[in-house]
Amino acid sequence: MRFLHLISPIMCILPEVRAPERNVQFKERMMWTIIVLLIFLVCCQIPLYGIRNSGSADPFYWMRVILASNRGTLMELGISPIVTSGMVMQLLAGSKIIQVDQSDKKDRALFQGAQKLCGLLITLGEALAYVMSGMYGDIKELGPTASMLIILQLFFAGVIVLVLDELLTKGYGLGSGISLFIATNICENIIWKAFSPTTINTGRGTEFEGAIIAMFHMLVTRSDKVRALNEAFYRQNLPNIFNLLATVLVFIIVIYFQGFRVDLPVKYERYRGHTGSYPIKLFYTSNIPIILQTALVSNLYFFSQLLYKRYPQNMLVKLLGKWQEQGDGRGGQSVPVSGLAYYVSPPTSLAEILYDPFHAAFYLAFILITCALFSITWIEVSGSSPKDVAKQLRDQQMVIKGFREKSVIRVLNRYIPIAAAFGGMCIGALTVVADFMGAIGSGTGILLAVTIIFQYFEMFQKERGAESLSLF
């Protein structure tokens, strides 16, 4: 008996959204996308009932924006369980530990069910770990009732995220819930860091958090305009204009690279004269490598902090990561100061790069290698490998111009694996550049936001084009 067959008895109790039985119009899909986004934003503002304010550090502080999570609310865990379960199941399928035939409808349904079950179990496990670690207050003070209530709230919030994501991916909305939530959270963070009216006492006087508001405030209130402008561009521990300009520059660079592609000319075997092209983009796997890499690092941070809090003197725990409280404008959060967690975290300034060049070099190598490996693995498990593309072309009775049907795989092998690996490395390199420049929202966040927004732009263009054609 295969592993997937063990999932069959519990498929009936897993939450599921039925696929639409009719063609959902573009305006209706837009409406459902907006509704899903509003539900997510409301959940981000509803506080968890029964928690107590504790001075404990936030394990996901570094990844909150990217994981679409908000501390102390129903969206505490964000999309982390879904992304982690997807990564685990895809890697198990890619390594053939789990046998799945993606061309078989029943196998696909069982695999999706297994991925969903894995996501729910991870949600439950993370909720339990959060409560047990004292993140919401001492567990003895909380008591069993409040602890169980917090776990249930986090679990049902995870179910809501799963259902909202499935609602969009099944065709009722546009794109996927995961992409929508990530882009919304990152864009919200960038806008807040640029225009935040919150005031902070920095020791040099009261300053606005928002970079643009702070610049105008300094220019109006200070007599030395050159010094005020210099401080607005390069102030420490708060968003500055240089960070904002770096963010805009990275946006432009990523959009420019989105246009890089190779168009393979194809033709129909049955109909003479009918030709087309099969595009192979530089970012062949889009933002998938960076999403998987983020999930990997976020789980490393989570378990490293959890273990270090419990066993700070253990040598293996120290090798995994040693953490230290920081109160210099970072909200009193824990940051890694040594161990593996430190070396996979981005340097936050040029001074840090010069102080510890090995850290910067290790981080660069880690990002490039993991993004390339995840990208290559993804094409094998997602049905976009040269063999899968050749099968799709064959099923559509199409061949590459100038080549026989048997040579199609050989031609695709020249382009797709290279595009996947090199594209993944380019995504990683742009992430590192954005981190080193101090771009707002982290390099990973900006890369995700730009690629997701560009995907939605292409989706809108395609849908509008199809809708205008249907009118004639």
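The structure displayed is predicted, hence computed values, not measured ones.
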Please collect all ring pair (Phe, Tyr, Trp, His ring centres under 6.0 Å) contacts where either partner lies in residues 160-182, sequence neighbours excluded, each pair once.
F40-F181
Please examine the side chains of M11 and L110, heavy atoms only from C-beta on, and report whether any two atoms are closer than 4.5 Å.
yes
Is F111 close to M89 at the side-chain level, that is, under 4.5 Å between some pair of heavy atoms?
yes
Answer whether the closest heavy-atom distance between the side chains of F208 and S196 falls below 4.5 Å.
no
Find out whether I190 and F251 are in side-chain contact, i.e. whether some heavy atom of one side chain is under 4.5 Å from a heavy atom of the other.
yes
State, yes or no, whether a side-chain contact exists between L128 and F155 at a heavy-atom distance under 4.5 Å.
no
Determine whether D356 and P347 make a side-chain contact, defined as any pair of heavy atoms from C-beta on separated by less than 4.5 Å.
no
Using modelled atom types only, decide if a donor and an acceptor are shared between the side chain of D165 and the backbone of I178 within a distance under 3.5 Å.
yes
Is it the case that over 12 heavy atoms from other parts of the model lie below 6.0 angstrom from the CE atom of M459?
yes
Any residue meeting side chain to side chain contact (heavy atoms under 4.5 Å, CB included) with I122, in chain and number order, not counting sequence neighbours:
P81, T84, S85, C118, E126
Taking the inter-plane angle between the rings of Y363 and F436 on a 0 to 90° scale, is it parallel (under 30°), tilted (30 to 60°) or perpendicular (over 60°)?
tilted
Can you confirm whether the side chains of Y308 and Q313 place a donor and an acceptor under 3.5 Å from each other?
no
Give the ring-plane orientation class for F362 versus F358, where under 30° counts as parallel, over 60° as perpendicular and anything between as tilted.
tilted
Side chain proximity check, L244 to I440, heavy atoms < 4.5 angstrom
yes
Is there a donor-acceptor pair closer than 3.5 Å between any side-chain N or O of H359 and the backbone N or O of I353?
no
Under the side chain to side chain contact (heavy atoms under 4.5 Å, CB included) rule, collect the residues that match up with L316, sequence neighbours excluded.
N314, L319
So, N70 side chain and E76 main chain: donor-acceptor pair closer than 3.5 Å or not?
no
Just to verify, what does Y355 make a side chain to side chain contact (heavy atoms under 4.5 Å, CB included) with, not counting sequence neighbours?
none
Please check if the distance between the ring centroids of Y301 and W323 is under 6.0 Å.
yes
Answer yes or no: is there a donor N or O on one side and an acceptor on the other, between the side chain of Q153 and the main chain of L149, under 3.5 Å?
yes
Does a side-chain N-to-carboxylate-O contact under 4.0 Å join K281 and E458?
yes
Please report, to 0.1 Å, the donor-acceptor pairs under 3.5 Å made by any side chain of residues 446-456, with sequence neighbours excluded.
| unit_1 | atom_1 | unit_2 | atom_2 | d |
| --- | --- | --- | --- | --- |
| T451 | OG1 | N287 | ND2 | 3.1 |
| T451 | OG1 | L447 | O | 2.8 |
| T451 | OG1 | L448 | O | 3.0 |
| Q455 | NE2 | S286 | OG | 2.3 |
| Y456 | OH | L174 | O | 2.8 |

If only side-chain N and O atoms count, and only distance matters, is there a donor-acceptor pair under 3.5 Å linking T285 with S375?
yes
Using 4.0 Å as the upper bound for N to carboxylate O, is an ion pair formed by R18 and E166?
no
Can E209 and K193 be counted as an ion pair, charged N to O under 4.0 angstrom?
no
Ignoring hydrogens and geometry beyond distance, is a side-chain donor-acceptor pair present between N243 and Y234 at under 3.5 Å?
no
Kindly write out the residues that satisfy side chain to side chain contact (heavy atoms under 4.5 Å, CB included) with L152, not counting sequence neighbours, or none if the list is empty.
M148, F156
